[in-house]
Engineer: 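Got a structure here, written out as structure tokens. Questions coming.
Residue numbers begin at 1 in each chain, while the letters A, B, ... track the order of the sequences. We use all heavy atoms of the structure for the numbers below, so side chains are in, but hydrogens, waters and symmetry mates are not.
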Amino acid sequence: MENPEVAMVFEEIADLLEILGENPFRVRAYRNAARTIRELPEPVEQVARDPGRRLEDLPGIGKDLAEKIRVIVNTGDHPLRQELRQKVPPGLRDLLDIPGLGPKRAYALYKQLGITSREELKKAAQARRIRTLRGFGAKTEQAILEALEHLEEVSRRVYLAEAKVFADAVIQHLRAVPELHQIEVAGSFRRRKETVGDLDVLVTCDQSAPVMDRLAEYSAVRDVLVRGDTKMSVRLANGMQLDLRVVPEESYGAALQYFTGSQAHNIQLRRRAQEMGLKINEYGVFRGEERVAGRTEEEVYAAVGLPWIPPELREARGEIEWALEGKLPKLVELTQIRGDLHMHTNVTDGRASIEQMILACKELGYQYLAITDHSKRVTVAGGLDADALRAHWRNIDRIASRIAGITVLKGVELDILEDGSLDLPDDVLAEADWVVASIHYGQNQPRQQITRRILNAIENKYVHCIAHPTGRLIGKRKAYDVDLDLVLKAAADHGCFLEVNAQPSRLDLDDVALLAAREKGILIAINTDAHSIDELRFMEFGVYQARRGALEAKDVLNTRSVRELRKLLTQRRK
DNA sequence: GCCGTTTTCGGCCCGACTGTTTTCAGTCG
């Protein structure tokens with residue numbers, strides 16, 4: 001049983017308990033457990049079945065939840081969920097996604113009007129029956145109707161890359177206001193999550209009116225939703241909501257910390273403050289009435305005895321412990337990237353020529369690049385057979401010899417075929433400087449089969465790296481049903497590299513997998529998989545994902561010099 | 001339901017906002 005499945009049982013139990021008005025801390029315990037399991041880098045089922053391991057050692061898992069996990073992995077479900085479903089129709093959970101509706105009101109709607117789905121809710125609202133309930137009014141009823149209309153848009157998350165286009169543009173637009181001092185986008189955007197729901201923009205300024213006026217007239221603002229003295233919300237052209245908050249200078253750091261989150265990180269931080277007799281809120285760190293910090297984030301963290309923690313790590317995955325022990329990683333930075341090892345040219349499905357790609361990489365300041373066009377199986381992309389590939393490589397050599405100051409590796413994106421074999425024979429691969437292997441076909445194979453395919457590739461010494469190792473397309477296509485734990489183990493054992501694919505829709509390996517890969521000492525290549533010159537700029541997003549996985553420069557293959565790189569590639573083939 | 005060099009019981013992050021209400025519960029981030 002997969003971790004997300006186990007986590008979903010606990011999530012549902014948490015929702016149902018909450019709707020029933022159970023102890024909120026008991027609800028939180030189930031949610032914490034769900035999160036722990038979802039982010040566990042190995043199958044929780046494996047921990048449960050290993051007599052040498054204790055589920056109780058996992059954070060937030062005590063005796064009771066450990067037993068429940070055992071029941072779930074053995075039976076696929078837990079009686080408590082069934083019991084709760086008797087008391088609360090499961091459809092009621094769907095109401096929790098509607099802004100303004102929480103567990104209490106959802107239960108009131110069910111108890112008093114018998115509503116058990118969004119559809120029934122809509123009918124009741126249209127019939128003006130909701131306003132008759134105590135605690136509800138005409139405004140709430142109207143808000144529910146509107147929320148139901150726009151639910152898809154409201155709950156939509158966009159790729160970080162898309163959010164960044166808007167965030168950068170808004171910041172640039174607002175900077176023109178002379179009254180503006182500081183401005184930054186907080187929230188999950190600042191933590192560089194792979195998708196972003198809305199933008200939280202913080203500013204300090206002499207007067208808020210000119211800043212808000214300027215935002216209102218921005219071309220990408222579709223609607224102004226709310227405008228007060230210190231807060232303004234707008235809807236952007238792509239459907240995203242943007243919240244602008246004006247905060248006092250002396251609270252800027254505290255507000256930035258607060259609005260950057262994550263919520264789980266903030267809870268841990270505040271608990272620590274509490275133990276020290278302090279209180280943290282968005283206005284500062286307080287001892288009694290006295291503000292002891294708040295102007296900068298560094299100040300806020302220092303007030304609770306911690307160094308500043310990079311936003312990408314603020315997910316309550318042990319970063320506060322790292323900070324306390326002086327073990328915070330020195331995260332890899334874009335400027336440390338010396339080359340890009342996965343890209344395509346117009347010889348297969350790319351848009352730019354060999355020469356254009358080389359020149360563009362040189363322009364980016366890289367020391368090297370690898371050209372990795374598709375192998376023959378990928379027919380839709382015009383994949384190359386052995387002869388065509390050899391000719392392509394000769395061509396690359398010829399063009400590269402004319403361009404000084406950058407090293408060009410002759411590579412290939414080698415298809416891992418459905419039967420587990422590789423698309424080109426070893427003698428051809430041996431002639432390549434660099435081989436990335438990946439799956440394009442047979443993505444729906446059962447777990448064992450598809451895992452075996454990837455292991456075959458890892459075990460072949462001519463394969464340097466596995467590209468986009470899970471094949472997911474965020475929000476569009478699920479990952480292959482691959483046993484990532486086995487893949488990581490094999491990669492570590494065989495010295496095979498794994499990729500973070502920097503395409504905004506891919507970004508796999510993801511942060512959680514990277515944390516596990518880092519533990520195992522696997523070297524990660526951050527590659528753009530660019531199909532055009534523009535896409536070389538996606539490197540930034542790959543680096544963000546690597547940072548969320550706590551990777552340092554030493555953990556990343558393509559921070560190495562050409563010499564070191566060549567040495568590592570040779571080692572792999574021994 | 002979890003957790004503990006102040007605790008095995010009594011805590012569990014914190015404040016703003018909204019709409020509904022006459023002092024606040026529910027929701028949200």
Side-chain angles (χ1 to χ4, degrees), chain A residues 10 13-14 17-19 21-36 55-69 78 80 95-109 130-144 147 154-155 186-191 196-202 225-233 241-243 245-247 251 254-286 294 300 304 314 316 320:
Chain A
F10 282 158
I13 289 175
L17 286 173
E18 197 171 29
I19 289 171
E22 262 285 346
N23 176 356
F25 300 106
R26 188 182 172 207
V27 173
R28 182 188 294 172
Y30 279 99
R31 291 204 200 289
N32 286 341
R35 199 181 99 102
T36 294
L55 285 165
E56 287 88 341
D57 290 338
L58 300 174
I61 309 292
K63 212 177 143 200
D64 182 275
L65 288 177
E67 183 51 34
K68 287 201 168 73
I69 292 171
H78 195 277
L80 176 60
L95 304 191
L96 301 180
D97 292 336
I98 296 163
L101 281 191
K104 293 285 187 294
R105 290 176 149 180
Y107 192 62
L109 289 166
I130 288 173
R131 62 179 69 190
T132 63
L133 299 186
R134 184 178 176 78
F136 293 78
K139 273 199 165 175
T140 305
E141 190 175 76
Q142 190 56 34
I144 287 172
V154 166
S155 57
S188 54
F189 176 84
R190 185 159 176 253
R191 300 201 311 281
V196 174
D198 54 20
L199 293 173
D200 291 301
V201 182
L202 299 187
L225 304 173
V226 181
R227 178 168 172 172
D229 292 337
T230 61
K231 187 189 161 183
M232 175 169 172
S233 295
Q241 185 170 324
L242 181 150
D243 297 329
R245 295 167 205 275
V246 179
V247 302
S251 297
L256 193 55
Q257 197 289 317
Y258 174 81
F259 286 109
T260 297
S262 66
Q263 197 184 15
H265 172 86
N266 285 357
I267 287 174
Q268 291 191 353
L269 199 69
R270 285 169 192 209
R271 190 175 296 150
R272 176 170 172 79
Q274 215 175 36
E275 286 163 5
M276 298 170 73
L278 299 167
K279 187 178 70 174
I280 302 181
N281 59 30
E282 59 264 53
Y283 299 109
V285 184
F286 295 86
V300 172
V304 290
R314 299 183 195 171
I320 290 179

Engineer: In the structure I gave you, are the side-chain heavy atoms of A:Phe10 and A:Ile69 within less than 4.5 Å of one another anywhere?
Structural biologist: yes
Engineer: Output yes when a side-chain donor or acceptor of A:Arg314 lies under 3.5 Å from a complementary backbone atom of A:Thr260, and no otherwise.
Structural biologist: no
Engineer: If I pick the P atom on B:dG1 and the same atom on B:dT5, what distance separates them, to the nearest angstrom?
Structural biologist: 23 Å
Engineer: Round to a whole Å and report the spacing from CZ of A:Phe286 to P of B:dG15.
Structural biologist: 9 Å
Engineer: Using the C1' atom as the reference point in each nucleotide, state the distance between B:dT8 and B:dC3 in Å, no decimals.
Structural biologist: 9 Å
Engineer: Give the minimum heavy-atom separation between A:Pro59 and A:Thr36, together with the two atoms involved.
Structural biologist: O-OG1, 3.0 Å
Engineer: To the nearest Å, give me how far apart CD (A:Glu141) and C1' (B:dT18) are.
Structural biologist: 17 Å
Engineer: Counting the atoms with a prime plus P, OP1 and OP2 as sugar-phosphate, which does A:Lys231 contact under 4.0 Å by heavy atoms, base, sugar-phosphate, or nothing?
Structural biologist: nothing
Engineer: Touch check for A:Asn266, heavy atoms < 4.0 angstrom, all strands: base, sugar-phosphate only, or nothing?
Structural biologist: nothing
Engineer: Hey, is the side chain of A:Arg131 poking within less than 4.0 Å of OP1 or OP2 on B:dT20, counting only N and O atoms?
Structural biologist: no
Engineer: Which nucleotide, in any strand shown, forms a Watson-Crick or G-U wobble pair with B:dC3, with both distances under 3.5 Å?
Structural biologist: B:dG10
Engineer: Is any side-chain heavy atom of A:Leu95 less than 4.5 Å from a side-chain heavy atom of A:Ile19?
Structural biologist: no
Engineer: A:Ile320 and A:His265: side-chain contact (heavy atoms from CB on, under 4.5 Å), yes or no, with the steps?
Structural biologist: CA-CA 8 Å; A:Ile320 290 179; A:His265 172 86; 4.1 Å; yes
Engineer: Could you work out the separation of B:dG10 and B:dT6 based on their C1' atoms and round it to a whole Å?
Structural biologist: 13 Å
Engineer: Within this structure, what is the CZ-to-P distance between A:Arg26 and B:dC2, rounded to whole angstrom?
Structural biologist: 10 Å
Engineer: Would you measure the distance from the P atom in B:dG11 across to the matching atom in B:dA16 and give it in whole Å?
Structural biologist: 24 Å
Engineer: What is the distance, rounded to the nearest whole Å, between atom CZ of A:Phe25 and atom P of B:dC13?
Structural biologist: 6 Å
Engineer: What nucleotide among B:dG15, B:dG19, B:dC2 has an atom nearest to a side-chain atom of A:Lys139?
Structural biologist: B:dG19
Engineer: In the 5'-to-3' direction, what one-character label does each nucleotide of nucleotides 21-29 of chain B receive under the scheme B = base within less than 4.0 Å of a protein heavy atom, S = sugar-phosphate only, - = no such atom?
Structural biologist: SS---SSSB
Engineer: Would you measure the distance from the P atom in B:dT21 across to the matching atom in B:dT27 and give it in whole Å?
Structural biologist: 14 Å
Engineer: Using heavy-atom distances to pick each residue's nearest nucleotide on DNA chain B, tell me which of A:Lys68 and A:Ile280 is more 5'.
Structural biologist: A:Lys68
Engineer: Do A:Gln257 and A:Asn266 make a side-chain contact, defined as non-hydrogen atoms from C-beta onward lying under 4.5 Å apart?
Structural biologist: yes
Engineer: Please enumerate all residues that pass salt bridge (charged side-chain N to carboxylate O under 4.0 Å, His left out) together with A:Arg227, with sequence neighbours excluded.
Structural biologist: A:Asp213
Engineer: B:dC13, B:dG1, B:dG15: which one has an atom nearest the side-chain heavy atoms of A:Ile267?
Structural biologist: B:dC13
Engineer: Check for a donor-acceptor pair, side chain of A:Ser188 on one end and backbone N or O of A:Arg191 on the other, with a separation under 3.5 Å.
Structural biologist: no
Engineer: Which residue pairs pass the salt bridge (Lys or Arg N to Asp or Glu O under 4.0 Å) test when at least one of the two sits in residues 25-34 of chain A, sequence neighbours left out?
Structural biologist: A:Glu11-A:Arg31, A:Asp15-A:Arg31, A:Glu18-A:Arg31, A:Glu22-A:Arg26
Engineer: A:Leu278 CG to B:dC13 C1': how many Å, rounded?
Structural biologist: 14 Å
Engineer: Whether A:Thr140 contacts B:dT18 is assessed here as follows: a side-chain N or O lying under 4.0 Å from the phosphate OP1 or OP2. Is that the case?
Structural biologist: no
Engineer: Looking at the angle O4'-C1'-N9-C4 for a purine or O4'-C1'-N1-C2 for a pyrimidine, is B:dT21 syn or anti, with syn meaning within 90° of 0?
Structural biologist: anti
Engineer: With sequence neighbours left out, write down each residue that passes salt bridge (charged side-chain N to carboxylate O under 4.0 Å, His left out) with A:Asp243, or none if nothing qualifies.
Structural biologist: A:Arg245
Engineer: Among B:dC13, B:dG1, B:dT20, which nucleotide sits nearest the side chain of A:Arg271?
Structural biologist: B:dC13
Engineer: B:dG1 C1' sits how many Å from A:Leu80 CG, rounded?
Structural biologist: 11 Å
Engineer: Which protein N or O atoms sit under 3.5 Å from an N or O of nucleotides 3-11 of chain B?
Structural biologist:
unit_1 : atom_1 : unit_2  : atom_2 : d
B:dC3  : OP1    : A:Gly60 : N      : 3.0

Engineer: Determine the contact category for A:Ala138: base if any of its heavy atoms lies under 4.0 Å from a base atom, sugar-phosphate if only primed atoms, P, OP1 or OP2 are that close, otherwise nothing.
Structural biologist: sugar-phosphate
Engineer: Using the P atom on both, measure B:dG4 against B:dC13 and round to a whole Å.
Structural biologist: 14 Å
Engineer: In whole Å, I'd like the distance from the CG atom of A:Asn281 to the C1' atom of B:dG15.
Structural biologist: 7 Å
Engineer: Between B:dT20 and B:dG26, how far apart are the C1' atoms? Round to whole Å, please.
Structural biologist: 10 Å
Engineer: Just to verify, what does A:Glu282 make a salt bridge (charged side-chain N to carboxylate O under 4.0 Å, His left out) with, not counting sequence neighbours?
Structural biologist: none
Engineer: For the C1' atoms, the ones on B:dC17 and on B:dC12, what distance do you get once it is rounded to whole angstrom?
Structural biologist: 24 Å
